[in-house]
Amino acid sequence: MIPVIIIEGPTASGKTALAMQLAKLFKTEIISADSRQVYKYLDIGTAKPTNEELCDVKHHLISIINPDETFNAGMFCDNAMDIIKELSSKGKIPIVCGGTGLYIKALLEGLFECVITDKSTRLQLETEYNDKGLSSLYEELKSVDPESALSISYNDKQRIQRALEVYRVTGTTLSQHWRSQGRKSELKPFRILLFEERAVLYNRIDNRIVNMLDAGLLTEIENIMTMGYSWSSPGLNSVGYKEYVSYFEDNTLLHECTSKAQQHSRNYAKRQVTWYNKCTFNLTERYPAISICIVGDRIKSYFDSKMPEGLNENSR
RNA sequence: GGCGGGAUAGCUCAGCCGGUAGAGCAGAGGCCUGAAAAGCCUUGUGUCCCCAGUUCGAUUCUGGGUCCUGCCA
């Protein structure tokens, strides 16, 4: 079992700052579990660590793909596991830090075996959706994989298409894949959740968006467009960016876009909190109230006998 | 000043020929197995601006008021 420290929490809860402090304390590196920070050039709006922080502590899975590329939970797991093993072999406890709950769940619990690299089926399903409508796709799912259809809403286009895609490509239903999926995790995680009172968190979020503008968010967007990317690039479909389409394209007032961005960030934070409600953590704390020394000790004693060879010296 | 348009849920607005009212968004709660900052589910009693009139009954019609707003001056 490989020890890893995992830091989770809703947006603007202080994950980056805590990760920095723990990385220094344990002389280790950080693996970002963030579906947006993987994008190059989207720096300000995704609240990436600052250049200074990136120099200070080595970060992984940040700025690794272009705005017109896609990333997913499977790619995250593959990449993250490689890095985790590498760090672990050097006697370091990797710190996984990020707000993309699915990525961390996938890392800890695994995904079923299904590698779909060809995008033609997905495109085909999109065509069928446009031609015949969602209900037709849902009917197909009901006949092919009634079990999955039962748990997927007839309105949930994304999941209906996904379930059909899996079936068409692999010849096996999604529910069957899940049933035969193994759940052997190689990781021994120490999970930390950063929480905050709703009102305080919302306030932080609102301020953060304003600070992003001050930090040059609009210029960042203009630069990305100048590089040849467009609003249809997957990376730009992110909270804190997509709300500004109308500012650039339709002359919508800046403050209207900003208040939308704030609103969507709050919605996002709420969804994250709901997700975390059913996860179990070794430590639940507020930032910056959290004491690094105490957390450090808790982590050390938790891993105590599970430390890889040489780790104890490294962490002192 | 003249001619219009409007006043309905926190916000933007629907309400056909009169029977006390709904959508989207927000808010609240929840779901989540390769798009997850995505996607989805549940949840809507409010002086229908005020006053009078017509009517068995008015948010809905008529008259008067008040306040917004557009065009012309």
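Convention: sequence-line order gives letters A, B, ...; per-chain numbering from 1. Excluded from the calculations below are hydrogen atoms, water molecules and symmetry mates; all remaining heavy atoms, backbone and side chain alike, are included. Nothing here was measured: the structure is a model prediction, and the numbers come from that model.
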With rounding to whole Å, what would you report as the distance between [N] and [M] at their [atom1] atoms?
N     : M     : atom1 : answer
B:C51 : B:U47 : C1'   : 14 Å
B:U8  : B:G27 : P     : 22 Å
B:G53 : B:U69 : P     : 32 Å
B:G19 : B:U59 : C1'   : 12 Å
B:U54 : B:G63 : C1'   : 11 Å
B:C41 : B:C32 : P     : 15 Å
B:C13 : B:A9  : C1'   : 11 Å
B:U12 : B:A73 : C1'   : 32 Å

Original post:
5'-most contact on RNA chain B: A:His264 or A:Arg179, nearest heavy atom basis?
Top reply: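 It is A:His264, whose closest nucleotide lies nearer the 5' terminus.
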Original post:
Relative to the 5' end of RNA chain B, which residue comes earlier, A:Asn267 or A:Asn277, by the nucleotide with the nearest heavy atom?
Top reply: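 The residue mapped nearer the 5' terminus is A:Asn267.
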Original post:
For the residue pair A:Phe248 and A:Trp231, does the interplanar ring angle fall in the parallel (under 30°), tilted (30 to 60°) or perpendicular (over 60°) class?
Top reply: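 Correct class here is tilted.
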Original post:
Can A:Phe112 be called stacked on B:U33 when the rule is centres closer than 5.5 Å and an angle between planes below 30°?
Top reply: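 Not stacked by the 5.5 Å and 30° rule.
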Send over the distance from [X] [atom1] to [N] [atom2], rounded to a whole Å.
X        : N     : atom1 : atom2 : answer
A:Asp156 : B:A36 : CG    : C1'   : 12 Å
A:Leu107 : B:A36 : CG    : C1'   : 15 Å
A:Ile65  : B:G34 : CD1   : C1'   : 13 Å
A:Tyr268 : B:C32 : OH    : P     : 17 Å
A:Phe71  : B:A37 : CZ    : P     : 12 Å
A:Asn237 : B:A37 : CG    : C1'   : 8 Å
A:Glu165 : B:G34 : CD    : P     : 9 Å
A:Leu174 : B:A35 : CG    : P     : 12 Å

Check every strand shown and say whether [X] touches a base, only sugar-phosphate, or nothing at a heavy-atom separation below 4.0 Å.
X        : value
A:Gln272 : nothing
A:Tyr241 : nothing
A:Gly240 : nothing
A:Lys270 : base
A:Tyr202 : sugar-phosphate
A:Ser153 : sugar-phosphate
A:Phe76  : nothing
A:Thr46  : base

Would one find a side-chain N or O of [X] under 4.0 angstrom from OP1 or OP2 of [N]?
X        : N     : result
A:Arg198 : B:G29 : yes
A:Arg122 : B:A35 : yes
A:Asn155 : B:C41 : yes
A:Arg271 : B:C40 : no
A:Lys278 : B:C32 : yes
A:Arg162 : B:G39 : no

Quick one: which of [options] gets closest to the side chain of [X]?
X        : options             : result
A:Lys260 : B:C25, B:A36, B:U33 : B:C25
A:Asn72  : B:G34, B:C40, B:G27 : B:G34
A:Trp275 : B:A37, B:U33, B:A36 : B:A36
A:Arg266 : B:G27, B:A35, B:A36 : B:G27
A:Lys242 : B:A37, B:U33, B:G30 : B:A37

Short question: side chain of [X], backbone of [Y] - any donor-acceptor pair under 3.5 Å?
X        : Y        : result
A:Glu243 : A:Gly240 : yes
A:Gln37  : A:Thr46  : yes
A:Arg36  : A:Leu236 : no
A:Glu220 : A:Asp43  : yes
A:Tyr202 : A:Gln262 : no
A:Glu285 : A:Ile192 : no

Polar pair under 3.5 Å, donor/acceptor by atom type, side chain [X], base [N]:
X        : N     : value
A:Gln263 : B:A26 : no
A:Gln161 : B:A35 : yes
A:Gln181 : B:U33 : yes

**OP:** If a pair satisfies salt bridge (Lys or Arg N to Asp or Glu O under 4.0 Å) and one of its residues is in residues 246-273 of chain A, list it, with sequence neighbours excluded.
**Re:**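 Residue pairs passing salt bridge (Lys or Arg N to Asp or Glu O under 4.0 Å), neighbours aside: A:Asp206-A:Arg266.
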Subject >> side chain to side chain donor-acceptor pair (under 3.5 Å) between A:Glu139 and A:Tyr154, intermediate numbers included >> reply: CA-CA 9 Å; A:Glu139 286 308 312; A:Tyr154 65 94; over 6 Å; no
**OP:** Both distances under 3.5 Å, Watson-Crick or G-U wobble: on that basis, could you give the dot-bracket string for RNA chain B, with [ ] for crossing pairs and | for other-strand partners?
**Re:** (((((((..((((.....[..)))).(((((.......))))).....(((((..]....)))))))))))).
Original post:
Counting only heavy atoms not in A:Ile294, do more than 12 fall under 6.0 Å of its CD1?
Top reply: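 12 or below, so no.
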Subject >> Passing candidate, side chain to side chain contact (heavy atoms under 4.5 Å, CB included) with A:Ile30, options A:Val96, A:Val57, A:Leu22, A:Leu61 >> reply: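 That would be A:Val57; it is the only one of A:Val96, A:Val57, A:Leu22, A:Leu61 passing the side chain to side chain contact (heavy atoms under 4.5 Å, CB included) with A:Ile30.
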**OP:** Tell me whether B:G44 sits syn or anti, counting syn as a glycosidic angle within 90° of 0.
**Re:**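 Anti for B:G44; the angle lies over 90° from 0.
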